[in-house]
Amino acid sequence: MKKFSIAIDGPAGAGKSTIAKIIAQRLKIEYIDTGAMYRAITLKIIRNGTDINNIDEIIELLEKTDINFINGRVYLDGEDVSEEIRLPEIGKLVSQVAAIKEVREKLVAIQRDIAKNKSVIMDGRDIGTNVLKDAEIKIFLVASVEERAKRRYKELLEKGIEVSYDDIVKEIEKRDYIDSTREVNPLRKADDAIVVNNTNKTLEEVVEEILNIVCKKVEV
Ligand code: CDP
Ligand code: CDP
């Protein structure tokens, strides 16, 4: 099997990570959750008490930061932070952290390095437009704000995290706004990406739709 890359971009809660994980298992390739990396840096900034406007301190912090994926878990400086990075307080700040040029430079370099020698499926906001510009398959996954908020609400409730539905809608809208209007590599559909709509569809339907696209482009 020849090496290939799949890029999945789209707004918050569109289903990127859930779908990318399933596809990675089916195709036996590696899944890289770039959002988790931005969340991990955000966690470090919060723990350290760093002001997100203090770029010098952030640069210093970045130099001492190590982010790793092992068996689908996210490690920040050797500590498994997979659960903690999903907390709402991280979600509230992450888009502001992800708009910092130096943060993006560091994480994009790590992402490209992981994808260098193996087939991957990588999800985020700027994968098809920037990180893996030459990806063989580019998907832009969308879903209505209401559907995304409903799914996120259910997911948090199942984890025992109480939040109001209205707050989730507000957070998603705010994050989408910051992500698509920032100067450095904003959320945008790559010209050669295929739009897949994940509103009113089951996960299995969308997985099949994407696998069909993949099979037409590469030999799996
Ligand atoms: O909550 P959700 O799973 O939608 O978001 P995420 O994929 O965990 O990403 C969290 C945040 O990281 C996004 O809202 C973006 O601000 C940022 N991000 C980014 O800027 N570029 C990426 N390639 C991935 C995430
Ligand atoms: O990664 P992204 O922020 O795009 O979304 P996610 O973290 O995968 O969250 C999507 C949520 O919606 C998950 O709880 C999925 O199980 C659920 N879901 C979906 O993604 N697609 C459907 N067709 C149905 C449910």
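Heavy-atom basis, side chains included; hydrogens, waters and symmetry copies ignored. Here the structure is a predicted model, which is why all the values come from computation and not from measurement. Atoms within each ligand, like the ligands themselves, are counted from 1 in listed order.
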For ligand 1, the residues whose heavy atoms come within less than 4.0 Å (ordered by chain, then number): A12, G13, T34, G35, Y38, R39, R86, V94, S95, A98, R104, G124, R125, D126, I127, R152, R175, D179, R182
Which ligand 2 atoms does [X] reach within 4.0 Å, using its non-hydrogen atoms?
| X | value |
| --- | --- |
| N198 | 19 (C), 20 (O), 21 (N), 22 (C), 23 (N) |
| T202 | 23 (N) |
| K201 | 22 (C), 23 (N) |

V120 and I29 have their tightest heavy-atom pair at C-CD1, 3.8 Å
Knowing that exactly one of K154, R152, K170, E146 qualifies, which makes a side-chain contact (heavy atoms from CB on, under 4.5 Å) with Y165? E146
If the test is side-chain contact (heavy atoms from CB on, under 4.5 Å), which one of R39, E89, E79 qualifies with E84? E79
Please assess R151 against E147 for the test salt bridge (charged side-chain N to carboxylate O under 4.0 Å, His left out), listing each intermediate value before the final yes or no. CA-CA 6 Å; R151 289 172 180 164; E147 183 102 35; 3.0 Å; yes
Side-chain donor-acceptor pair present, K174, S95, cut-off under 3.5 Å: no
Taking the side chain as every heavy atom from C-beta outward, state whether I137 and F4 have any atom pair closer than 4.5 Å. yes
What pairs with D123 under salt bridge (charged side-chain N to carboxylate O under 4.0 Å, His left out), at least two apart in sequence or on another chain? none
